[in-house]
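Take a look at the structure below.
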Amino acid sequence: MALCFFVAAFGVVTGWEIPCAVVLGYIASAVLILSPHWMPAFLPILMISATVTRFYDCFDALIGYWWVLIVPACAIVFHIVRYRRPLSVGRSFWGLCAVAVAVTLGGLGSLSLQEYFRPIALFYVIGLGAGMVVFYLLLRSEWSSAAKEQTGRDRHFFACTMYLWGLICAFMVFFNIAMQWDTVMEKNLLPEIQWSNNVSTMMMFALPFPFYFARDRIGHLAAAYGMYFAILCTGSRGGWVFGTAEFLVCVVYGVVVQKGRTRKIASVAVLAAFVTVIAVFHKPVFSALGIDRYFRDGGKDLISDDEARVRLLVRSWEDFRSAPIFGRGLAYSGNADIYAPKKGAMHFYHMMIPQIIGSMGCVGIVAYGYQFIERLCIAFRRVNAYRFCLFLSYLGIFLMSQVNPGEFCPVPYQMVTVTLFVLLECDTVSPRLRNKTGECFVHSPVL
């Protein structure tokens, strides 16, 4: 874990993100070959997704490294064949199947075969549909047949992985600011980050986990507040609004799950200090973050009537009316007059609900509605500190998906979301791995 974090951080500092991503990919490949477990390979994969997120509009440059994927692909095939297990399904499987049907049939009757079979369109259709079903079966089958002790270790390893994912994203944001510090001081304004929405989404995924670890070591609250401040520093409006909402819920969660009255008081004191600093220095802080410009004239600049998302919201309804059963399909490119994606990207509506309505019609509404209800039932079947932490992580991606592609990106967002609910299903832990409150907690050499 320390090695993966160091390699990712080294790539950010030196600007060698691609070479370091290759190293991380080969680390993941080695893990898949040598270990019968999937979970240890998650950390290098998530580190890659974080460090290369700044490569926007670089499809032609990145596609030149296609050969690098040969080794990881072979490692995945080897792992599946060598460590195969009997298939097992749980409650969230049926929601994934429903979504796979909706995604695959999206655009039926209104989308041309040429559009449907475009390589980038097939990537998203397969990745969000059948691909996620296969991914679920691989994880679920492993954890349902693994020993209870191993399941407990994987749960904790996942928590550590998410924590470190958030830390590397926060490091990227603060390092970017540090590299432009002279400009920041001159303009009294933080630099704009093109990859702000992506890095904010990743940190919102990870934000609940430092609060969970703070149950045993309250010093982890520093990482939690640091991640939230990094979200604010990105300049992402979705991060400001939904990140703040998630942060407030996480703060309440952090106080409730603290062990002992003294720790609860300390958590409240940290929050009070943070709020006091913001209240006293809100003008220069908001000015530096660029937040104040969006709230002038009663907040009219926060959302403009002319921006693409507002126009796509209207277009989504028009697309639904033209194809109410199956929608226009994920491969539909008729909205390029409003939003023209860079090469290698999809024509997203950039909002989850309009995306479902416009791309998949009534079939998609029913499928995603069913999946959402099932996920809530799974999350609240039994509530403890760890399970609620996983739910808060899902809440982060769900909120951010309302103003960004979010869950419509197979890797890493939907992959992590599926993992969250597989963990919620396979939460039987050996008594030897339980602490006094009855929840899984295995001490990590890193955290």
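Owing to the predicted nature of the structure, the values given are computational and were not obtained by experimental measurement. Atoms considered below: every heavy atom in the structure, side chains included; atoms not considered: hydrogens, waters and symmetry mates.
Under the 30°/60° scheme for interplanar angles, the aromatic rings of W16 and F10 are found to stand perpendicular. Ring geometry for H220 against F213 counts as tilted: the plane angle lies between 30° and 60°, on a 0 to 90° scale. Ring geometry, Y225 versus F247: the interplanar angle exceeds 60°, so the pair is classed perpendicular (tilted spans 30 to 60°).
Shown here for R54 and G15, the closest heavy-atom pair between the two residues is NH2-O, 4.4 Å. Across S267 and V255, no two heavy atoms sit closer than the pair CB-CG2, 4.0 Å. The shortest non-hydrogen separation linking L207 to G243 is CD2-O, 4.4 Å. In terms of heavy-atom proximity, A8 sits nearest to M47 at CB-SD, 3.8 Å. Here the shortest heavy-atom pairing between P44 and L24 reads CB-O, 3.4 Å. Contact between S322 and D319 at its shortest, heavy atoms only, is OG-O, 2.8 Å.
No more than 12 heavy atoms of other residues, nucleotides or ligands shown are found within 6.0 angstrom of CZ on F6. Within a 6.0 Å radius of OH in Y65, no more than 12 heavy atoms belonging to other residues, nucleotides or ligands are found. When the shell of 6.0 Å around CD1 of I278 is examined, it contains more than 12 heavy atoms from other residues, nucleotides or ligands.
The side-chain heavy atoms of P210 and M227, taken from C-beta on, include a pair separated by under 4.5 Å. Looking only at side-chain heavy atoms (C-beta outward), R118 and L122 stay at 4.5 Å or farther from each other. Side-chain contact between I365 and M360 is absent, with no heavy-atom pair separated by less than 4.5 Å. Using a 4.5 Å cut-off on side-chain heavy atoms (C-beta onward), V184 and L189 make no contact. E246 places a side-chain heavy atom less than 4.5 Å from the side chain of P208. The shortest side-chain heavy-atom distance between H79 and I33 does not fall under the 4.5 Å cut-off.
A side-chain contact (heavy atoms from CB on, under 4.5 Å) with W38 is found for exactly one of D154, I76, T419, namely I76. No option in T161, L167, L390 other than L390 meets the side-chain contact (heavy atoms from CB on, under 4.5 Å) test with F209.
The backbone N or O of A385 lies less than 3.5 Å from a partner atom in the side chain of Y253, making a donor-acceptor pair. Remark: side-chain polar atoms of W165 are paired, donor with acceptor, to backbone N or O of L46 under 3.5 angstrom. Looking at R315, its side chain never comes within 3.5 Å of a backbone N or O of V310 through a donor-acceptor pair. In this structure a side-chain-to-backbone donor-acceptor pair under 3.5 Å is present from Q258 to A214. The closest donor-acceptor contact from the side chain of T53 to the backbone of A50 lies at 3.5 Å or more, if one exists at all. Here the side chain of S236 pairs no donor or acceptor atom with the backbone of I231 at under 3.5 angstrom. Side-chain atoms of S393 come within 3.5 Å of backbone N or O of F205 as a donor-acceptor pair. Judged purely by atom type and a 3.5 angstrom limit, S401 uses its side chain to pair as donor or acceptor with the backbone of E407. Counting only distance, with no hydrogens or angles, the side chain of Y332 and the backbone of S110 share no donor-acceptor pair below 3.5 Å. S200 places no side-chain N or O within donor-acceptor distance of the main-chain N or O of G239, the cut-off being under 3.5 Å.
Under the rule for a side-chain hydrogen bond (donor to acceptor under 3.5 Å, both in side chains), the partners of Y228 that lie at least two apart in sequence or sit in another chain are T244. With sequence neighbours excluded, the residues satisfying side-chain contact (heavy atoms from CB on, under 4.5 Å) with V22 are Y26, V68.
Neither side chain, R375 nor S92, offers a donor N or O lying under 3.5 Å from an acceptor on the other.
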Q | Trace of the side chain to side chain contact (heavy atoms under 4.5 Å, CB included) decision for F372 with F398 | A | CA-CA 10 Å; F372 181 71; F398 179 78; 3.8 Å; yes

**OP:** Give the intermediate values and the outcome of side-chain hydrogen bond (donor to acceptor under 3.5 Å, both in side chains) for residues N404 and Y413.
**Re:** CA-CA 12 Å; N404 280 288; Y413 304 140; over 6 Å; no

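Residues F380 and F391 place their aromatic rings such that the two centres sit under 6.0 Å apart. Taking the six-membered ring for Trp and the full ring otherwise, Y136 and F93 have centroids separated by under 6.0 Å. Side-chain rings of Y212 and F388 stay apart, their centers remaining 6.0 Å or farther from each other. Taking the six-membered ring where the residue is Trp, the centroids of F348 and Y339 are separated by 6.0 Å or more.
Rounded to the nearest 0.5 angstrom, R237 CZ and S196 OG are separated by 9.5 Å. The structure places CD of E307 at 12.0 Å from CD1 of I338, a figure rounded to the nearest 0.5 Å. Put simply, CG on N198 and CE on M172 are 9.5 Å apart, with the number rounded to the nearest 0.5 Å. Between I357 atom CD1 and R321 atom CZ the span is 13.5 Å, to the nearest 0.5 Å.
Ion pairing between R328 and E115 fails under the 4.0 Å rule for side-chain N and carboxylate O.
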